[in-house]
Protein chains: 2
Amino acid sequence: MEHDEPASVSDLFWAVARRMRRASRESLAPWEVTPSQLRALGTLMRHGPVRPGTLAGHLGIAPRSATEVVDALEERGLVRRETDPDDRRATLVVVTDPGRDLAAAVRSARASEADRLFAGLDEADRAELERLLRLLLDRTGPAERTLMPVDPGPPG
Amino acid sequence: MEHDEPASVSDLFWAVARRMRRASRESLAPWEVTPSQLRALGTLMRHGPVRPGTLAGHLGIAPRSATEVVDALEERGLVRRETDPDDRRATLVVVTDPGRDLAAAVRSARASEADRLFAGLDEADRAELERLLRLLLDRTGPAERTLMPVDPGPPG
DNA sequence: GAGGTTACTGAGGCAACCTCATGATGAGGC
DNA sequence: GCCTCATCATGAGGTTGCCTCAGTAACCTC
């Protein structure tokens with residue numbers, strides 16, 4: 001018996017989550033970005049320049065937390081803050097060239113240990129897992145932390 | 001589309017994880033325990049008095065982290081530390097009566113929103129999810145954090 | 001009883017969230 | 001023009017759940 005046989009599905013879920021976090025942190029280390037930063041970067045790539053608040057909506061986190069991720073990305077030169085010409089209170093978060101490069105590098109390296117973890121499943125299983133996870137997300141309802149309208153945005 | 005359509009299975013996984021964390025924190029609030037504390041308590045119930053180090057093994061976390069969880073549980077009066085009669089360096093973590101009561105109460109209330117989340121799936125889907133999660137755990141290998149440090153030698 | 005090992009814990013750190021308060025700014029009333 | 005209220009981002013500070021590193025006490029072998 002290595003770990004505990006997790007007693008419930010949620011325990012199981014957490015056990016997998018812990019593994020994933022460890023794995024992806026390690027695999028992303030060469031790039032000096034964390035998983036959540038990469039996630040935000042990807043979202044920015046897909047949705048073009050958006051405000052921190054909107055980004056928060058996309059990521060499903062509090063606006064304040066988006067500020068932090070943007071801080072981290074900006075510090076690494078991966079994004080840039082620009083004043084929104086339509087609203088001087090707001091800023092637009094723009095992906096820089098280095099940011100674009102990094103995102104591409106990570107993607108092409110497909111290096112995420114987390115992905116490799118999932119790659120351990122065969123195609124059918126992975127699809128099934130995806131279906132179940134999506135189902136869970138839908139179940140909890142789209143309207144939980146979606147304070148932001150989240151415009152569809154242009155396809156990146 | 002509420003949030004972003006998560007781009008990869010890992011993103012999906014994290015999205016579900018975030019929901020779960022939020023949900024279970026809320027549902028456990030009345031008892032003033034956190035999910036990880038409850039998990040540890042459950043493990044202690046199943047495995048009887050064990051040392052912190054052993055608990056860490058069961059939970060798949062570092063020994064030092066087990067100390068913390070035990071601290072929290074002890075502070076709440078849910079467990080008690082006793083000196084291991086066989087080894088005076090070691091302590092045995094023992095579930096107290098209040099701890100037992102709380103575990104029972106939580107279980108019987110079945111109140112975990114996280115569980116309710118999973119309960120949203122029908123029987124077959126839940127079983128399938130469980131199978132897949134277990135598969136993922138096995139894939140990454142039982143011997144990962146089983147006993148001690150696990151120093152994979154991170155790049156950098 | 002020296003020397004190495006093991007058990008726990010103090011100190012300190014980090015990631016990724018959170019809430020609440022504050023300072024601009026925008027939008028609308030009068 | 002001015003006042004008020006909503007909204008945007010952010011500062012300040014907190015929480016959870018992990019981590020490593022170093023130290024101390026106790027155990028174990030020779």
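A, B, ... follow the sequence lines: proteins, then strands. Residue 1 opens every chain. All figures in this text were calculated on a predicted structure; none of them were measured in a lab.
Residues from residues 70-94 of chain B lying near DNA chain D, meaning a heavy-atom separation below 4.0 Å, are Asp87(B), Arg88(B), Arg89(B) in numerical order.
Atom CG of Leu38(A) is separated from atom P of dA15(C) by 15 Å (rounded to the nearest Å). The distance between atom CH2 of Trp14(B) and atom C1' of dC17(C), rounded to the nearest whole Å, is 13 Å. Residue Leu55(A) contributes atom CG, which lies 14 Å from atom P of dC8(D) at whole-angstrom precision. If you take CG of Leu28(A) and P of dA15(C), they are 13 Å apart, rounded to a whole angstrom. Spacing between atom CD1 of Ile61(A) and atom C1' of dT19(C) amounts to 14 Å, rounded to whole angstrom units. Spacing between atom CZ of Arg51(A) and atom C1' of dA6(D) amounts to 13 Å, rounded to whole angstrom units.
Listed by chain and residue number, Arg126(B) satisfy the side chain to side chain donor-acceptor pair (under 3.5 Å) test with Glu123(B) (two or more places apart in sequence, or in another chain). With sequence neighbours left out, the side chain to side chain donor-acceptor pair (under 3.5 Å) criterion links Arg18(B) to no other residue. Judged as a side chain to side chain donor-acceptor pair (under 3.5 Å), and not counting sequence neighbours, the contacts of Asp84(B) are Arg51(B).
Phosphate proximity of dC8(C) to Thr67(B): absent, as no side-chain N or O sits under 4.0 Å from OP1 or OP2. Taking only side-chain nitrogens and oxygens, Thr34(B) never comes nearer than 4.0 Å to OP1 or OP2 of dT15(D). Close to dG17(D), at under 4.0 Å from its OP1 or OP2, lies no side-chain N or O of Ser65(B). Between Ser36(A) and the phosphate of dA15(C), there is no side-chain N or O to OP1/OP2 separation shorter than 4.0 Å.
For the pair Thr91(A) (side chain) and Glu82(A) (backbone), a donor-acceptor distance under 3.5 Å is absent.
Residues Val79(A) and Thr96(A) come closest through the heavy atom pair C-CG2, 3.6 Å.
Side-chain atoms of Glu68(B) stay outside donor-acceptor range of the base of dC8(C), with no qualifying N/O pair under 3.5 Å. Contact of Arg18(A) with dG17(D) (side chain to base): no donor-acceptor pair of N or O atoms is detected under 3.5 Å.
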Return a table of donor-acceptor pairs under 3.5 angstrom between the side chains of residues 62-69 of chain A and protein atoms on other chains or two or more places apart.
none

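Counting only residues at least two apart or in different chains, salt bridge (charged side-chain N to carboxylate O under 4.0 Å, His left out) contacts with residues 88-100 of chain B comprise Asp87(B)-Arg89(B).
The residue Arg64(B) sits close to a base: some heavy atom pair falls under 4.0 Å.
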